[in-house]
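As structure tokens, the structure follows; a few thoughts come after it.
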2 protein chains.
Amino acid sequence: MNNKKRHIIEVAFSLFYQKGIHAVGINEIIKTASIAKKTLYNHFVSKDELIIATLIYRDQLELTHLKFKLEQAEIGKDALLALFELLDDFINHRDTTLGNFRGDYFNNSCAEYGQSNQLVYATCQSHKEAIKNIIQTHINAFEQNPEKNQFLVNTLCLLKEGVINQALVQGDTNSALDATACVENLLRFKR
Amino acid sequence: MNNKKRHIIEVAFSLFYQKGIHAVGINEIIKTASIAKKTLYNHFVSKDELIIATLIYRDQLELTHLKFKLEQAEIGKDALLALFELLDDFINHRDTTLGNFRGDYFNNSCAEYGQSNQLVYATCQSHKEAIKNIIQTHINAFEQNPEKNQFLVNTLCLLKEGVINQALVQGDTNSALDATACVENLLRFKR
DNA sequence: TTAACTATAGACCAACTTGTCTACTAAGGG
DNA sequence: CCCTTAGTAGACAAGTTGGTCTATAGTTAA
């Protein structure tokens with residue numbers, strides 16, 4: 001990946017994430033990135049392509065970061081708690097890798113486009129699926145009963161989604177801790 | 001409230017909700033509503049004012065509907081389960097009052113505007129607060145321990161938020177049922 | 001009847017949108 | 001040294017945006 005191209009993607013992501021995609025124009029992106037318009041259109045055929053590129057960029061960043069954090073914990077329950085620790089750090093701006101918290105970029109993008117941009121939708125969906133799979137892996141480490149296993153996966157995904165939204169809309173900076181309490185409760189007899 | 005004004009709000013809400021606020025222009029609204037542009041600007045000084053009006057409209061619609069549903073259940077645990085039943089109906093298009101499911105209008109609006117429109121943000125926040133208060137009331141009916149009480153309120157709010165987002169982004173039509181299972185689990189010993 | 005009000009249709013404006021294109025410059029390799 | 005590549009600056013086109021304004025028509029109440 002070209003340095004220039006990556007720079008454009010990073011600047012575009014940052015603006016899209018903070019202000020919303022529709023609210024940010026090409027002109028603002030090139031001005032912020034200090035590049036010529038032609039340079040942008042040399043790397044991306046359209047704004048739509050750039051949007052998808054930012055989604056893929058963020059997908060990789062978040063997954064890499066998440067995997068790194070989880071590897072530092074024991075597989076299973078501890079790793080699941082580490083996930084919510086990570087969310088807590090993200091929400092309370094203690095995590096420089098993920099940048100200033102403004103909700104989940106994928107949720108926000110879906111909210112903005114809905115069914116009217118299928119590619120955006122599909123990219124967001126696959127990101128969520130990847131995270132779900134990670135959660136699944138760690139639950140597999142201690143819960144063999146298929147029904148309970150499924151129940152835990154679904155519930156933890158719900159809580160994770162809830163945490164981010166509660167923090168964004170309600171400004172609830174404790175939401176990850178609330179979820180942690182709930183997760184500990186759910187896993188109490190499983191250690 | 002004027003009939004015409006209400007009609008404009010309903011049409012605008014419907015379009016905003018389905019396509020996103022930025023994606024819908026004034027011209028599309030007046031065309032869909034079959035009104036003249038002057039009529040719209042006779043009732044609202046700006047698009048921003050119309051946006052806020054749709055948020056207030058939806059806030060009242062959802063709260064009225066929710067209160068009506070909960071009144072048909074026993075105060076306490078049953079009412080809380082009824083809340084998630086309502087979400088399930090909403091997500092699976094079995095509830096004509098709330099219209100075609102496209103996530104939570106307030107979440108979507110916040111996702112689209114973020115901190116760049118304080119009035120939108122505040123309106124969304126107060127809507128969420130109102131729902132939280134309803135949940136609080138019903139938990140008060142059976143849980144006197146302040147800590148446990150608070151824990152239940154927070155967790156149920158998280159689950160509620162999670163359900164809507166999981167359904168929107170992941171297309172998970174069972175998310176409300178998953179949450180119901182979790183809520184039943186949490187309240188099992190409290191009946 | 002007349003006056004006041006509210007509606008309609010749509011021209012119009014200024015600003016902004018995405019995207020193209022020209023003209024020019026700097027760097028690097030054969 | 002020249003040629004290619006990748007960059008810059010920014011004018012420009014075509015369309016859309018929110019919002020204003022004029023001209024006209026229908027309704028209602030004094």
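Proteins come first, then strands; the chains are lettered A, B, ... in the order of their sequence lines, and each starts at number 1. Hydrogens, waters and symmetry mates are skipped; everything else that's a heavy atom, side chains included, is used.
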Note to self: I need the minimum non-hydrogen distance between A:Leu158 and B:Ser175, along with the two atoms involved.
What the structure shows: CD1-O, 3.7 Å
Measure [atom1]/[X] against [atom2]/[N] and give the value in whole Å, please.
| X | N | atom1 | atom2 | result |
| --- | --- | --- | --- | --- |
| B:His43 | D:dG19 | NE2 | C1' | 16 Å |
| A:Asn42 | D:dA9 | CG | P | 15 Å |
| A:Glu28 | C:dT18 | CD | C1' | 14 Å |
| A:Ile8 | D:dG7 | CD1 | C1' | 11 Å |
| B:His7 | C:dT6 | NE2 | P | 18 Å |
| A:Ile29 | C:dG19 | CD1 | C1' | 13 Å |
| A:Tyr41 | C:dT22 | OH | P | 17 Å |

For residues 111-120 of chain A, run the donor-acceptor check on the side chains, cut-off 3.5 Å, and write out each pair with its distance to 0.1 Å, sequence neighbours left out.
| residue | atom | partner | partner atom | Å |
| --- | --- | --- | --- | --- |
| A:Glu112 | OE1 | A:Ile21 | N | 3.1 |
| A:Glu112 | OE2 | A:Ile21 | N | 3.1 |
| A:Glu112 | OE2 | A:His22 | N | 2.6 |
| A:Glu112 | OE2 | A:His22 | ND1 | 3.1 |
| A:Ser116 | OG | A:Tyr113 | O | 2.5 |
| A:Asn117 | OD1 | A:Leu119 | N | 3.2 |
| A:Asn117 | OD1 | A:Val120 | N | 3.2 |
| A:Gln118 | NE2 | A:Gln115 | O | 3.1 |

Margin query: For nucleotides 9-17 of chain C, give me one character per nucleotide, 5' to 3': B if any protein heavy atom sits under 4.0 Å from the base, S if the only such contacts are to the sugar-phosphate, - if neither.
Written below: BB-------
Next item on the list: Consider only side-chain heavy atoms of I, L, V, M, F, W and Y, link residues closer than 4.5 Å, and tell whether B:Leu177 and B:Leu156 are in one cluster.
Entry: no
Checklist line | Side chains of A:Ile56 and A:His127 in contact at under 4.5 Å (non-hydrogen atoms) | finding: no
Notebook entry, point to check: Mind checking whether B:Phe101 and B:Asp95 have side chains closer than 4.5 Å, heavy atoms only?
Noted result: no
Checklist line | Phosphate OP1/OP2 of C:dT8 contacted by B:Thr39 side-chain N/O (<4.0 Å) | finding: yes
Notebook entry, point to check: Would one find a side-chain N or O of B:Lys4 under 4.0 angstrom from OP1 or OP2 of C:dC5?
Noted result: no
Next item on the list: Classify the ring geometry between B:Phe90 and B:Tyr17 as parallel (under 30°), tilted (30 to 60°) or perpendicular (over 60°).
Entry: parallel
